[in-house]
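All figures in this text were calculated on a predicted structure; none of them were measured in a lab.
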Amino acid sequence: MVARFGLALVLAGSAVLKLASPGSSRASLGTFGIEGEVSRWVAWGLLVATELGLAAGVAAGSDQAALLAAVLMAMFAAALFGALLRGRAGAPCACFGSRSTVGWRSVARNLALAGCFAALPFLPERSLSTDQWLGLGLAVALLVSLGLAVAVLALAREVGMLRLRLGPAAALEIPEEGPELGARVDLIDRFQRLPESELGLAVFTSEGCHVCRGLEPAIATLAGDPAIAVEVFDEVAEAEVWSELRIPGSPFAIALDPGGAVLAKGTFNNLAQLESVLATAEQRRSGTAARA
């Protein structure tokens, strides 16, 4: 029974370590040819669920679970061997945490575990007392609770990292940067179409700006909206405009009403922040109309 419980802990520990570092363990699946974020999420989830399920089955004394675990370890060994043949030695495999790498030692470890799991059904068994079963149940419950706690902490970390990558939801509007709010600018004359019901959106970009290039499809999408007139001003080709309006850098946006008054402005790094410039302009225009 000790051997069963020890091997079950190995499986559960592998799953818990994957839950502790979901980002790196999912990325490690690329070592084995699994590409695409969705595919990696699915494969990662199946691996964790399979390891936890087999761990529970092995701990409960199921011979079928032990044999399936042996097959799983053999498959892991074959996958590692294939990665070695493709020249992926030293690449991350996340077998037991983010520090696990592809190598002959990993292949040998999985083969040894496969042999141990395959031998479990043939080991002599003795029945456990009531107290021993209660102790085993408590240990399993604690292990599951630990795994859930690690999973929640890992998820919180992933959400935090995602929010850091996305940045704030609104564009950065600094009064000293760009034209003064409420001022009328001649830039409005550069817009080809601007009926009374529309907003004008001036987007300032630079040729060497990687963020600007990445946002080109989003800017093009906004330009297709009939309620918004969009014009793009390059730093080199429109250097005079940049200087006149005191543009601090790219990407930068200015929202104008049909009369050329500056309603909103700000530096942005993604589509949501660019849309926030338009949302702020709409709010300010509505507020001005209500006061009038």
Side-chain angles (χ1 to χ4, degrees), residues 11-55 68-69 71-103 106-107 110 144 146-172 205 209-224 250-251 267-276:
L11 275 173
S14 176
V16 168
L17 289 171
K18 289 181 177 66
L19 288 170
S21 54
S24 59
S25 56
R26 288 197 311 272
S28 299
L29 294 175
T31 301
F32 306 101
I34 300 177
E35 302 296 340
E37 190 65 18
V38 175
S39 299
R40 290 180 182 177
W41 265 108
V42 172
W44 178 82
L46 287 175
L47 277 175
V48 171
T50 300
E51 288 177 338
L52 288 175
L54 289 177
L68 287 174
V71 172
L72 182 65
M73 293 298 111
M75 290 173 61
F76 286 168
L80 289 165
F81 181 71
L84 284 171
L85 293 181
R86 295 194 302 273
R88 302 289 290 171
C93 68
C95 303
F96 288 91
S98 57
R99 295 187 178 182
S100 299
T101 57
V102 175
S106 300
V107 174
N110 281 280
V144 171
L146 176 62
L148 289 175
V150 170
V152 170
L153 290 174
L155 182 60
R157 179 178 178 274
E158 288 285 298
V159 171
M161 293 299 292
L162 180 60
R163 292 187 65 179
L164 285 175
R165 286 196 295 268
L166 290 177
L172 180 62
T205 64
C209 172
H210 297 289
V211 176
C212 301
R213 287 203 295 272
L215 287 169
E216 285 177 357
I219 295 171
T221 300
L222 286 178
S250 60
T267 300
F268 64 96
N269 290 310
N270 53 52
L271 177 58
Q273 292 178 354
L274 179 57
E275 289 178 330
S276 75

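No donor-acceptor pair under 3.5 Å is formed between the side chain of Thr205 and the backbone N or O of Arg213. No side-chain donor-acceptor contact under 3.5 Å links Lys18 to the backbone of Gly13.
The two residues Ile34 and Ala43 have their closest heavy-atom pair at CD1-CB, 3.9 Å. Counting all heavy atoms, side chain and backbone alike, Leu54 lies closest to Leu72 at CD1-CD2, 3.8 Å. Taking all atoms of both residues into account, the shortest heavy-atom contact from Ser250 to Cys209 is OG-CB, 3.7 Å. Between Phe268 and Pro251 the shortest heavy-atom distance is O-CG, 2.9 Å. The shortest non-hydrogen separation linking Ser28 to Cys93 is CB-C, 3.8 Å. The two atoms that bring Pro92 and Thr31 nearest to each other are O-OG1, 2.8 Å, heavy atoms only.
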Taking it one step at a time, do Leu274 and Leu222 satisfy side chain to side chain contact (heavy atoms under 4.5 Å, CB included)?
CA-CA 10 Å; Leu274 179 57; Leu222 286 178; 3.4 Å; yes
Quick one, Leu68 with Thr50, criterion side chain to side chain contact (heavy atoms under 4.5 Å, CB included). Give me CA distance, side-chain angles, the key distance, then yes/no.
CA-CA 10 Å; Leu68 287 174; Thr50 300; over 6 Å; no
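For Phe32, the CZ atom counts as densely surrounded, since its 6.0 Å shell holds more than 12 non-hydrogen atoms of other residues, nucleotides or ligands.
Trp44 pairs in a side chain to side chain contact (heavy atoms under 4.5 Å, CB included) with only one of the listed residues (Val48, Leu47, Val42), which is Val48.
Here the side chains of Glu51 and Val16 are not in contact, with every heavy-atom distance at 4.5 Å or above.
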